[in-house]
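A quick write-up on the structure given underneath.
Please read all numbers here as calculations on a predicted model, not as lab measurements.
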Amino acid sequence: TEPLESTKTNHTTNTPGHTRENMSDEEEESLGFGGAEEEEEDVGGFGGADEDEEDDEDGFGESFDEEAEASGFGDAEEDEEVDEDGAGWGNADDGEAETTEMAPEPEHSASKAFDLFEAFGAKFFNKGASPKYSIEPLKSSLLKLKGGKEKDAIAMFTVVCQFMGITAVVGKGSLGAVPAVQAITRYGIQEEHLREELYCQLLKQMNGNPAGSSRARGTILFTLIIGTFPCSAKLLPIVDAFIREGPKGYTAYCNLILRRCIHNGTRMQPPCSLEFEAVKRKQIMRVRVITDLVTKAAVTARLDSASVMNEWVQEIGAKVGMKDTYGWSIYIDRFGRLESLRGAGIKGLHVMDVISKIDQKNKTDGKAAYLDISGQLSFRKELFAADHDSLKDPVGTHLMYNQIRAGIKAGIYVCKSQEYDELFAMVYYVDFVDAVDESKVIKFLEHWLPEDAKRAKSPKDRAPNVEKIHAKSEWSRKTFTRVQVQDLIVKFALKTWGKVNSFSSDGSMMLYPNGQTKAERKSIRRKSK
C-alpha cells in the first residue's frame, strides 16, 4: 500500500475563494501544490523581545522535541535553494540554502499586524484587557461574549498557554500536543462566539512573545486554527498582515490554507494527527484512493485541511479520464463500515473531518498513535440519474461495472439462481468475448460467484447454462461492444437493486444491498449551518 505523500508550498498566493478544480500544473505550483521543497524557516519571526523568559519546553505533558531546532520543526528533509521569483522570501545566492537561523529582532520592531491588532483591541476588547503577551491567566474574556461563555474563554486561554509552553503561572497541562490542539479548536467549532476570541488570544500571546520556541508553537497552532474555521471579516485584515509578516516559509502555506478554509467553510471536527504533522512541515498531503474495486487500481488525491469530497471527485474523475462525475462519491472503510462523504451539501463533507473522527476513535480505543488510512478510501458510484446512460462515459461505466460485480461476489447484492447465470454470461462476454471454453467458464464462475450461489448450484452445474446463454443472447449474436454489455449489466443492477433516493429532488437512484452479508454502509449527512 502506498504511504501518504506530500509536497511543500513554495509560492505566495492571495487568491480568495480559489479552488483546485480544473487547475493546470503551473497554476497548482503557483498556489503551493507541488514544486521544490523549501528549507524549514525560522518560525520565531513574529517580532517580540530578545530577552529571556520562562519558556517551558514541556508545557503540555510530553516532550516536544521538534522545538529544539531554531525553526521549531526539527531538521528539514533536504536543503533547497530559495525561490527568488516572486515568492517574497528575499534573495539568496544561487546554490545556497537560506539559513534557518534568524537574528533576534529588536524589542520594539515595527509590526503593522500588531499595530492593527492593538488598535482592534482598543476598540473591541473588554475594559482592562491587554492585546500584549502575558504569562498571567485571563480573569475575563478579551471580547464581549454572549451566552455566558466567559468561563470557556478563560479555560481556552489556559490550554493555549500550555500548548505554547507559557506555563510559569498557568501550570503544565496533562494533554499531549495533538489532544491540546483538538481541545482548543473544539471550543471554536462548537461555539461560534469563541472563534474570534481564540484568534485574539493567540495573537495576544504572539504579540511581544520573547521566546522563539513559544512563537514556534504559536505558529503551528495558528496554522491549524485558520484551517479549521475562518475569522470574521473585521479581523481578517489583521490575520492577513500577521501572515505576511510571519515566518517566510509559512507565508504561502498559511495564505493557501486560510483562503481555502474561507471558501469551503468551517470544519465540524478538530485537526487530527496527520494535519499536525503536515503543518509542521508545510505539506499538502497526497492520499491513495482506490478507483477500481476489482483491480484495486488507485490514484492519489491532494489532501489539506479544507479538502471537500466534491474536489476529490472532480480531481479523481479527471485523472482517470471520466466525462461525467455526477453521482460519484468518496467512501471510507471506517471500522468495517463503508461511509459516504457526500453529506447534505453540494460540496460534500470535509475529508479531514471523517479522518479526524477515525483518529479520535483510535486514540480512545488505545490503538497505534500513527493513523494509517491507506487502502481505506475508495471512489464509487453512489447516485444514478433518472435518465442514466452508461454509453456516454465508457470509463465511468467500466468502473461502475466492476463496482457492481465486486458487490455481487461479496454477497452484497443477491440475485435469483437463474439471474446469476444470465448475469455472469454477460460478465464472461465482457472479459473474454467469444472465447468460450467449458473449463475456462467453470474456473471463471468459481472465482466470481458468491458463496451462497455456489452452494445452491455448483459452478460445474451452472457452466452449460451459462455457455448456452452466451451463445444465444442478442448481445452475443450481434457482437455488442464491451461497453454495451456493461451498460446492460448496469441496467440490470438498477432494475434489481435500485431505489429512488429519498434525499434527492431529481429522482436519482441508489443501489441498495439485499444480501445477508450486506456491507455496512451509510451516507454521513449533516445539516448545513
Side-chain angles (χ1 to χ4, degrees), residues 8-18 30-33 35 38 40-48 71-73 82-83 86-90 98 102 105 109-121 131 133 160 164 181 184-185 188 195-196 198-209 212 214-264 266-267 271 275 278-284 304-306:
K8 296 186 181 179
T9 59
N10 70 333
H11 288 271
T12 304
T13 177
N14 190 19
T15 52
H18 206 322
S30 71
L31 287 176
F33 292 108
E38 302 301 326
E40 303 296 356
E41 303 286 345
D42 189 319
V43 300
F46 282 113
S71 68
F73 298 103
V82 176
D83 189 336
W89 295 337
E98 187 173 20
M102 296 179 68
E105 297 188 17
S109 60
S111 170
K112 181 180 178 182
F114 288 128
D115 286 346
L116 291 171
F117 178 61
E118 290 178 13
F120 179 93
Y133 168 83
V160 169
M164 294 179 68
V181 168
I184 292 166
T185 53
R195 294 172 191 171
E196 200 87 331
L198 176 54
Y199 271 93
C200 289
Q201 288 183 7
L202 182 53
L203 289 170
K204 166 186 168 68
Q205 292 304 81
M206 296 290 278
N207 184 12
N209 188 327
S214 180
R215 297 197 302 272
R217 295 184 183 200
T219 300
I220 295 170
L221 180 57
F222 173 80
T223 310
L224 289 165
I225 289 171
I226 64 175
T228 305
F229 42 76
C231 61
S232 69
K234 65 183 179 183
L235 193 61
L236 183 58
I238 301 170
V239 171
D240 277 337
F242 182 76
I243 291 172
R244 287 195 300 272
E245 295 174 9
K248 295 177 182 179
Y250 269 78
T251 302
Y253 186 74
C254 286
N255 256 320
L256 176 66
I257 295 299
L258 175 62
R259 301 306 168 187
R260 283 181 45 70
C261 182
I262 291 172
H263 184 267
N264 285 345
T266 299
R267 293 268 299 275
E275 292 172 84
V279 164
K280 288 194 298 181
R281 294 168 175 81
K282 307 184 289 292
Q283 292 175 331
I284 302 298
D304 62 30
S305 58

Using modelled atom types and a 3.5 Å cut-off, is there a donor and acceptor pairing between side-chain atoms of Tyr250 and backbone atoms of Val279? yes
Any salt bridge between Arg259 and Asp240, counting N to O under 4.0 Å? yes
Hey, does the side chain of Ser214 reach the backbone of Met164 with a donor-acceptor pair shorter than 3.5 angstrom? yes
Does Arg195 use its side chain to pair, donor to acceptor, with the backbone of Phe229 at less than 3.5 Å? no
Residues Met206, Tyr133; criterion side chain to side chain contact (heavy atoms under 4.5 Å, CB included); working and verdict: CA-CA 6 Å; Met206 296 290 278; Tyr133 168 83; over 6 Å; no
Ser232 vs Leu235 side-chain heavy atoms within contact, under 4.5 Å: yes
Pairing of Arg267 and Glu275 as salt bridge, 4.0 angstrom limit: yes
Quick check: Phe222 with Phe242 (ring centres under 6.0 Å apart)? yes
Any donor-acceptor N/O pair, Tyr253 side chain to Gln283 backbone, under 3.5 Å: yes
Taking Gln205 for its side chain and Gly218 for its backbone only, find out whether a donor-acceptor pair lies under 3.5 Å. no
Donor-acceptor contact below 3.5 Å, side chain Asn207 vs main chain Leu203: no
Check: Glu196 side chain, Cys231 main-chain N or O, donor-acceptor pair, under 3.5 Å: no
